[in-house]
Amino acid sequence: MAAATTTVYPEAASTDGGRLSVGGCDAVELAREFGTPAYVYAEDDLRARARQLRGAMERHHGPRSTVAFASKAFPCTAALRLFREEGLAVDVASAGELHLARRAGYEASEIVVHGNAKSVGELEAALGTTIVVDNAAELERLSGLAGREQRVLLRITPGVSTDTHAAVATGQADSKFGFSMQDAPAAIERAAAALDLRGLHVHVGSQIFDEQPHRESIAALATLGAFPEYDLGGGFGVAYTDDQRSVDLDARLAAMVAAAHALLDAEGRHLTIEPGRALVAAAGVTLYTVESVKRNVSTWVAVDGGMSDNLRPLLYGSPYRADVADRLGGDTVCHLAGKHCESGDVIARDVALDDPRPGDVVATPVTGAYGHAMANNYNGVPRPPVIFCSGGRARVVVRRETVEDLHARDL
Ligand code: LLP
């Protein structure tokens, strides 16, 4: 068996002897017990990452800091409960995510509400939280619904370019999000007159590896005056394959906080960050079963999931590692294909597996962010369960969808 570099599996995983276990649970046994496809999480990794980020913010900035989990990355009640236990706040982007956060026990004071097209209903549901106002129409609507006690931040679009996929870049001047630098002063004046304007928010995009865009966005905020609070967003880049390197979170936060102290005089002010992916991506592994292996020009290994449980390859061309769960590594170069009725449904191209055969369990690591979140029922495929593993024990925290669920809304 070829030696496998396995840096992208969860910290609480083992690949000893070429056999994957997550949180002390053998991957093949998990597949047997719970079926496939399945999202399997190392619960200890979720906790460790939450502690790491909170610890880093407290060390670099002190107690006036908040780490708000961007729940869009993994909108799962059990994860939200876990992060609340670990002292994280939460960022939601719709009334639905707000509902989940409330159900998980979050108080209004621990919730940050986003959205570039919030409805009146969403604003009403969000009253009492910290609302990040995106645009002038929303500012007027909210001023009509709420009074001076309503805490708000204004989302500023700093006009910063980022080296990430265009679909997840948000800091550029021509963005659908936030107030432009030109419109910001008038919005600040209006918000300060009508609401409890706490400060400014900026989020330059997702899967950001460079420090520069964060620094530039902080510099842009500095031109807009001084505020008690700044929310600097999320977007910290994560490695999906062994040739990539995740952002060093401690170093990145140290640099961001230093920039905020220098440029925003932020030492005595409140600083928030909103990581999603960095908290959850590497904690999750998806397990599939191989249904067929076909050789034509390439070798096609088809599994029982695909674009219904992981849209990221199709949406962003995102690469993934894959392994046969009890024979990691290998040298059969193949495409890991999904089961859906389109040729684009390929989970990972040119991956090296160990002589894959029907019945094998295949694992794709780093599927903990935006997998469950963006899952869908294309081709009538029920969505997978979410299984948390720790200390050799596995618990289902979201059950597998059934075919009955597929017509549960029919009238
Ligand atoms: N804060 C705001 C205002 C955001 O819009 C986002 C992500 C985050 C924080 C968290 O970003 P993160 O730390 O997770 O990168 N579906 C895409 C990602 C979309 C991100 C949208 N906003 C993907 O699968 O890559």
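Because the structure is a prediction, the values reported are computed rather than measured. Order of listing sets the numbers, starting from 1, for every ligand and every atom in it.
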If you scan protein heavy atoms around atom 15 (O) of ligand 1, the nearest is S206 OG, 2.3 Å
Short version for L315: what comes under 4.0 Å of ligand 1, heavy atoms counted, is neither
Nearest non-hydrogen protein atom to atom 8 (C) of ligand 1, with distance, is H203 CE1, 3.4 Å
Q. Would you call D134-K118 a salt bridge at under 4.0 Å N-O?
A. no
* Test of proximity, V168 against ligand 1: N or O pairs below 3.5 Å -> no
For E274, the atoms of ligand 1 under 4.0 Å from one of its heavy atoms are 1 (N), 2 (C), 3 (C), 8 (C), 9 (C), 10 (C)
The answer for which part of H114 has a heavy atom under 4.0 Å from ligand 1 is side chain
Please confirm whether G233 comes under 4.0 Å of ligand 1, counting heavy atoms of the residue only.
no
For R155, the ligand 1 atoms with a heavy-atom partner under 4.0 Å come out as 3 (C)
For R47, is there an ion pair with E43 - N to carboxylate O distance below 4.0 angstrom?
yes
Atom 24 (O) of ligand 1 has as its nearest protein heavy atom R312 NE, 2.6 Å
Exercise for review: Please verify whether a non-hydrogen atom of A278 lies at under 4.0 Å from ligand 1.
Suggested key: no
query = Mind checking whether H372 and Y39 have parallel, tilted or perpendicular rings, split at 30° and 60°?
reply = perpendicular
For atom 4 (C) of ligand 1, the closest protein heavy atom turns out to be K72 NZ, 3.0 Å
- Message: Measuring only between side-chain heavy atoms, which start at C-beta, is V397 closer than 4.5 Å to Y41?
- Response: no
Q. Under 4.0 Å between a Lys/Arg side-chain N and an Asp/Glu carboxylate O for R190 and E140?
A. yes
With heavy atoms and a 4.0 Å threshold, my read on which part of Y316 contacts ligand 1 is side chain
(Q) Can you tell whether the side chains of D405 and R383 come within less than 4.0 Å, N to carboxylate O? (A) no
Min side-chain heavy-atom separation F388-V386 under 4.5 Å | yes
D91 heavy atoms within 4.0 Å reach ligand 1 at atoms 1 (N), 9 (C)
For the pair R84 and E110, find out whether any cationic side-chain nitrogen is under 4.0 Å from an anionic carboxylate oxygen. yes
For residues L279 and L46, determine if any side-chain heavy atom of one lies less than 4.5 Å from a side-chain heavy atom of the other. no
P275 heavy atoms within 4.0 Å reach ligand 1 at atoms 13 (O)
So the atoms of ligand 1 within less than 4.0 Å of a heavy atom of M374 turn out to be 16 (N), 24 (O)
For A70, the ligand 1 atoms with a heavy-atom partner under 4.0 Å come out as 8 (C), 9 (C), 10 (C)
*State whether the side chain of E97 and the backbone N or O of A93 hold a donor-acceptor pair below 3.5 Å, judged by distance alone.*
yes
